[in-house]
Protein chains: 2
Amino acid sequence: MNRIGHIRQYDSGITIVAEGDEPSIIGRVASGVVRITQTLDDGRQQIVGLAMPGEYFGHFFRSGSAFMYEAATDVAACVFPQKPFEALLASHHGLEHTVMMGALRDLELSREWIMVLGCQNTFERVVSFMLHIHKRMRMAGVPTHDRFIEFPIGRRDIAGYLGTTVETISRHVQALARQRIIRILDNSHFEICNLGRLQSLSKQHWNAMAKSITTSELDSGVPQALKGKSWSQSGLA
Amino acid sequence: MNRIGHIRQYDSGITIVAEGDEPSIIGRVASGVVRITQTLDDGRQQIVGLAMPGEYFGHFFRSGSAFMYEAATDVAACVFPQKPFEALLASHHGLEHTVMMGALRDLELSREWIMVLGCQNTFERVVSFMLHIHKRMRMAGVPTHDRFIEFPIGRRDIAGYLGTTVETISRHVQALARQRIIRILDNSHFEICNLGRLQSLSKQHWNAMAKSITTSELDSGVPQALKGKSWSQSGLA
DNA sequence: CGAGGATTTGAGGCCACTCAACCGTTGTGG
DNA sequence: CCACAACGGTTGAGTGGCCTCAAATCCTCG
């Protein structure tokens, strides 16, 4: 696997794979966050997913890329040419199984997000985003951040992910702080003062959900050296 | 595969798998449409996906079900107990590969839908839904419906899928008919009068998208007997 | 220290939801 | 056979949440 792939660094804002690119690549995030976006003909664009450390991105068994992959922060990733990677999958069923588990988990997260976008108002979406990030931090195996939330991406990207605007996010975050549910440390760091209240505001049943996800992947595979103080290299977009 | 599974019929509206159900089942739709929903604590619910003929539904390699699976129309499905099915996947890599391809396709569709919900207004969503249905009809291998659209589910479910209301859908469908872009045959059947205009209204680049999906799965595997005049058994919800 | 970007705050307008009534179809019982 | 209820869909009027536009503030970096 190491023979066909190699580590590459991407600066924040760099496009890794453009929409429609033909001979595509597969990547595995080592550190940082990759944003997965799609663009409408009139230029509007929506962030449809985020790839965090340990997760794969790119298109398997497809010709053209329907999505664009960009570095939302400074990113280190292990990248593979598509064809050899697919050949590797065919010969190593254990690896194919791992990739499938990742796809199933992404599918589950995507469908949760469809619900967030489909029937929550913008306030609830902001809350859901915070809890979503909080959950994935724990999934990525970051231990110290139990009471804290770190936004891995800037307000503009969050707005793109939530299907709303930076102004609306700002208002709702400030409202949460006024209600003493969170405490604002700086633009991208928060302390959770009342986790129960936060969860109830999102209206999602975290009791049932938490275990089904958390127990799945703990082998994030991120080298210890990269697990430093912050899982996103804090090079905000 | 036939030894561990068996065909079962579900009447429209029946719950196949409830949220949180423990020993779950895997199913493959033979005819009809299965709706995949998620519920908020306060009762709001969102349709996060639809399973159409030839597609699998249910949870693989998970303990509790995060979603609810219901028959949106009268449904015939081949169902398997989860554990034996997973064992079958482990021993038949070809089947596992097929399931993975399905998961990857579902993921792609989910992300497209995230974009629809995240940055399109309700009018554009109605258009996208029509084209989405149109696309999946062709994927399911229904030949005659090139100029026609059939809503496989009722207005209530469409509203649940689009994250809007039945009233809003009604207004926009009527608007499309007034602009002579579609012609209303009955409540769930439409003729496309101007496909190009319809596609441009959705603002999605169908040129790039169409091929990448259509070329993938043609082995829908639906028995000929079920491919009759209508792929949904027209037992509308 | 100044320029630029990101975030916050404020005021106004529009889209879509809510509530309500109406219409066509279906199924049921007298 | 018709009356009636039940249901899904359509149409209309009013309201509110969120986007838009605009300006102030904070932070970063040269």
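No experiment lies behind these values; they were computed from the predicted model shown.
Residue B/Asp186 contributes atom CG, which lies 10 Å from atom P of D/dT10 at whole-angstrom precision. For B/Arg156 and D/dC7, the CZ to C1' distance is 9 Å, given to the nearest whole Å. A straight line from CD1 of A/Ile169 to P of D/dC18 spans 12 Å, rounded to a whole angstrom. Taking atom CG of B/Asn187 as the reference point, atom P of D/dG8 lies 11 Å away to the nearest angstrom. Between the CZ atom of B/Arg178 and the C1' atom of D/dT11 there is a distance of 10 Å, given to the nearest Å. Atom C1' of nucleotide D/dC27 and atom NE2 of A/His189 are separated by 15 Å, given to the nearest angstrom. When the P atom of D/dT15 is taken as reference, atom CG of A/Asn121 falls 21 Å away, rounded to whole Å. If you take CD of A/Gln120 and P of D/dG17, they are 16 Å apart, rounded to a whole angstrom.
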Criterion side-chain contact (heavy atoms from CB on, under 4.5 Å) on A/Ile184 and A/Gln174, from CA distance to verdict
CA-CA 8 Å; A/Ile184 301 176; A/Gln174 300 300 322; 3.8 Å; yes

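In this structure, the separation between CZ on A/Arg111 and CD1 on B/Ile36 is 4.0 Å, given to the nearest 0.5 Å. Taking CD of A/Glu19 as the reference point, atom CZ of A/Phe67 lies at 8.5 Å (rounded to 0.5 Å).
For B/His172, the side-chain atoms get nearest to C/dA16 when compared with the rest of C/dA16, C/dT7, D/dT10.
Note on ring orientation: taking the six-membered ring where Trp is involved, the planes of A/Phe151 and A/Phe129 are perpendicular (angle over 60°, cut-offs 30° and 60°).
The 12-atom threshold is exceeded at CZ of A/Arg44, counting heavy atoms of other residues, nucleotides or ligands nearer than 6.0 Å.
Partners of B/Thr165 by side chain to side chain contact (heavy atoms under 4.5 Å, CB included), not counting sequence neighbours, listed by chain and number: B/Glu167, B/Thr168.
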Would you give a per-nucleotide map of nucleotides 17-27 of chain C, 5' to 3', where B means the base has a protein non-hydrogen atom under 4.0 Å away, S means only the sugar-phosphate does, and - means neither?
SBBB-------

